[in-house]
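Each chain gets a letter, A, B and so on, in the order its sequence line appears, and its residues count up from 1. None of these values were measured; they are calculated from a predicted model.
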Amino acid sequence: MSVRVRYAPSPTGLQHIGGVRTAIFNYFFAKANKGQFILRIEDTDQTRSTPEAMQDIYNTFAWLGIHWDEGPDVGGPKGPYVQSQRFDVYKQYAQQLLETGHAYKCFCTSERLAELREEQTKTKSALGYDRKCRLLAAEERQKLEDAGTPYVIRFAIPLEGATAFHDEILGDISKENIDINPDPVIIKTDGFPTYHLANVIDDHLMEITHVMRSQEWISSGPLHILLYKAFEWEPPKFCHLPMVMGEDGQKLSKRHGSTSAIEFRQKGYLAEAVLNYITLLGWSYDDSREFFTKQELEELFTMDKLSKSSAVFNYQKLDWFNGQYIRRMSADELAAGITPWLAKEGFVADPPTAEQAGIIQQIIPLVQERLIVFSDVAGLAGFIFRDVAIEDPETLIPKKTDKATTVKILQKLKEIVPGLAGKSHDEIEAIFREDAEKLEVKLGALLMPLRVAITGSTQSPPLIDSMHILGTEKTLERIEKAIALLS
RNA sequence: GUCUCCUUCGUCUAGUGGUUAGGACACCGGGUUUUCAUCCCGGCAGCAGGGGUUCGACUCCCCUAGGAGAUGCCA
């Protein structure tokens, strides 16, 4: 039987990096096994699901280049792929459970449940439903039903025995039935199913062969097995994925930094780098290789290289990956990558004019080794496009040099710059070296005032090239401004 | 509290009874260099602890500790 896996997000917020990683593991597993990858939307919580979150799912995976074989937007033979559109299916199967005695109606009010919980907390006894309605006398139950009392449907967990399942990476996991959440709700008052019911029914009907989901689901594994048993269905294989944590070892969340895929996109990270990095969170290929394209992972991914323990999301390493990817880009690719960021700053038109496109081509070699994320281009090359402000005139003065010397240097520079046009990089450098000698300063000391004058910063891309792109006129203007600033 | 799972450098990991415990990020040195980066070279740093099993344990078993998750009419 061919592999069929699914990613089943609930559209209740932005796509979290952890969820995205679960998705890509499923995707790569499907691809590597020539199987199907399915997107299923779990929107059974009507109060929390939003169309924006739905859109974010589409945007995120489009950006990453992850496509599903079956899903709400592309259709497929096992649809609909949105749970709220499968309402009747769940109702029908819940009814079946009622009839076979695996489930029962519970008329307890949320107030009673809250009190129960409070009491349990106070007495430090086990938390959970006390199964009151499971033991309801037939006539009592009938009375409540006749009165139209609102109810939920609960699954009747066996009171004895244990339930086990085999996890593909963790091995056998078993739990005493008495330790399973006592009779979880499977149909809510509003008639919608809870995750447990919907997920089991859909995985069965959609013929899912492997359930690859986060380890936070491990403890409901036995419950799901019990549900499959109650329906007399063959359960799929399970594979619980290690979780993604923040630096403090807690579940990755907002306070650790960016956590949604879209944020990384907005900061100028490359989809390829993000994909590569998060794949390595819980998966490895061998003892050294860590660069993989999406295409490679589609062939190389194997479940047996998944690790058991959770992984900490390391922003620094992601940065390093992104820098590596940027450095490996061709000039044209990088130009295409940074142009939107330049346009966003108003440095170039969108799309750029021919002249601007030429400038972009020229700045590529200056920024390629220096970018970590695309958005850095504004800070690195901004001086080419707009006037610079020198915050602190002191920065113009090189180390071990005084103001008077700096002014002298700048004046000398003003003299020689007009003669530089048309000369090669090496020729210009030679001229600078000569002048530095004449002024009895080091080359660095000669160039620093010039650097700050034209870029506004003590750190910049290589000066000679920068100056060339800027043009003689603007370079002179800025030198004069710097002289004025020191006078 | 109870249940379940996990545990190799700070972090991500390789390792499946015999290795000087390997790689990467970070960090620290050094080199290249007009600054910043890049790049190159070098270094620091780890098998949670205790018992077994075995000729021999990072590798197998048990216990302890630590961590995480679950314990919802959220997924």
Can we say [X] and [Y] salt-bridge, meaning some charged N sits less than 4.0 Å from an Asp/Glu carboxylate O?
X	Y	answer
R134(A)	D183(A)	yes
E290(A)	K317(A)	yes
E145(A)	K105(A)	yes
E115(A)	R117(A)	no
R433(A)	E429(A)	yes
E394(A)	K403(A)	no
D286(A)	R289(A)	no
D202(A)	R6(A)	no

For a quick test of reading the model: is some side-chain N or O of [X] closer than 4.0 Å to OP1 or OP2 of [N]?
X	N	answer
S307(A)	rC12(B)	no
K188(A)	rC74(B)	yes
S284(A)	rA14(B)	yes

Given [options], which nucleotide is nearest the side-chain atoms of [X]?
X	options	answer
K308(A)	rU4(B), rA26(B), rC6(B)	rC6(B)
S309(A)	rC73(B), rC74(B), rU8(B)	rU8(B)
L113(A)	rA26(B), rC73(B), rC12(B)	rC73(B)

Aromatic Y129(A) / basic R154(A) pairing, under 6.0 angstrom, 45° off normal
yes
Give, ordered by number, those residues of residues 126-134 of chain A having at least one heavy-atom distance below 4.0 Å to an atom of RNA chain B; if nothing qualifies, reply none.
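Result for residues 126-134 of chain A: L127(A), G128(A), sorted by number.
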Which base, if any, makes a Watson-Crick or G-U wobble pair with [N], both distances under 3.5 Å?
N	answer
rC44(B)	none
rU53(B)	none
rU34(B)	none
rA68(B)	rU4(B)
rU20(B)	none
rC58(B)	none

Atom [atom1] of [X] and atom [atom2] of [N]: how far apart are they, to the nearest Å?
X	N	atom1	atom2	value
N276(A)	rA24(B)	CG	P	16 Å
R21(A)	rC12(B)	CZ	P	12 Å
R6(A)	rA75(B)	CZ	P	14 Å
L252(A)	rC12(B)	CG	P	13 Å
L280(A)	rC25(B)	CG	P	12 Å
Y90(A)	rC73(B)	OH	P	19 Å
L223(A)	rA75(B)	CG	C1'	13 Å
Y7(A)	rA75(B)	OH	P	15 Å

Take atom [atom1] in [N] and the same atom in [M], then report the distance between them in whole Å.
N	M	atom1	value
rA24(B)	rG15(B)	C1'	16 Å
rA26(B)	rG67(B)	P	29 Å
rC58(B)	rA14(B)	C1'	12 Å
rA21(B)	rG49(B)	P	16 Å
rU32(B)	rC40(B)	C1'	8 Å
rG22(B)	rC61(B)	P	25 Å
rU16(B)	rA57(B)	C1'	12 Å
rG72(B)	rC3(B)	P	16 Å

How would nucleotides 57-69 of chain B be written as a contact map, 5' to 3', with B for base contact, S for sugar-phosphate-only contact and - for no contact, using protein heavy atoms under 4.0 Å?
-----------SS
Which nucleotides of nucleotides 33-44 of chain B have their base under 4.0 Å from a protein heavy atom (B), which only their sugar-phosphate (S), and which neither (-), written as one string 5' to 3'?
-BBBBSS-----
So which protein nitrogen or oxygen atoms get under 3.5 Å of nucleotides 20-23 of chain B's nitrogens or oxygens?
from, atom 1, to, atom 2, distance (Å)
rG22(B), N2, D287(A), O, 3.0

Evaluation steps, ring-ring contact (aromatic ring centres under 6.0 Å, His included), between Y315(A) and W320(A)
CA-CA 9 Å; Y315(A) 290 87; W320(A) 177 79; over 10 Å; no
For the aromatic rings, using the six-membered ring if either is Trp, is the centroid distance between F155(A) and Y104(A) under 6.0 Å?
no
Would you classify [X] as touching base, sugar-phosphate or nothing, given that sugar-phosphate means primed atoms plus P, OP1 and OP2, and contacts are heavy atoms under 4.0 Å?
X	result
G282(A)	sugar-phosphate
V152(A)	base
S174(A)	sugar-phosphate
K399(A)	nothing

Student check: side-chain heavy atoms of [X] and [Y] closer than 4.5 Å:
X	Y	value
F29(A)	L306(A)	no
P462(A)	H468(A)	no
I208(A)	V211(A)	yes

For a quick check, tell me whether the side chain of T194(A) and the base of rC73(B) share a donor-acceptor pair closer than 3.5 Å.
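Flag unset: no donor-acceptor pair detected.
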Check side-chain contact (heavy atoms from CB on, under 4.5 Å) between P182(A) and all other residues, then give those that pass, not counting sequence neighbours.
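R131(A).
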Name the residue closer to the 5' end of RNA chain B, choosing between L318(A) and T44(A) according to the nucleotide with the nearest heavy atom.
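Nearer the 5' end of the strand: L318(A).
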More 5' along RNA chain B: V312(A) or T109(A), using each one's nearest nucleotide?
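Upstream on the strand: V312(A).
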Between V185(A) and the options L197(A), I153(A), T194(A), the side-chain contact (heavy atoms from CB on, under 4.5 Å) test singles out T194(A)
Of D319(A), N314(A), I17(A), the one forming a side-chain contact (heavy atoms from CB on, under 4.5 Å) with Y277(A) is N314(A)
Pairs touching residues 159-171 of chain A that satisfy side chain to side chain donor-acceptor pair (under 3.5 Å), sequence neighbours left out
T163(A)-N177(A), H166(A)-D172(A), D167(A)-H240(A)
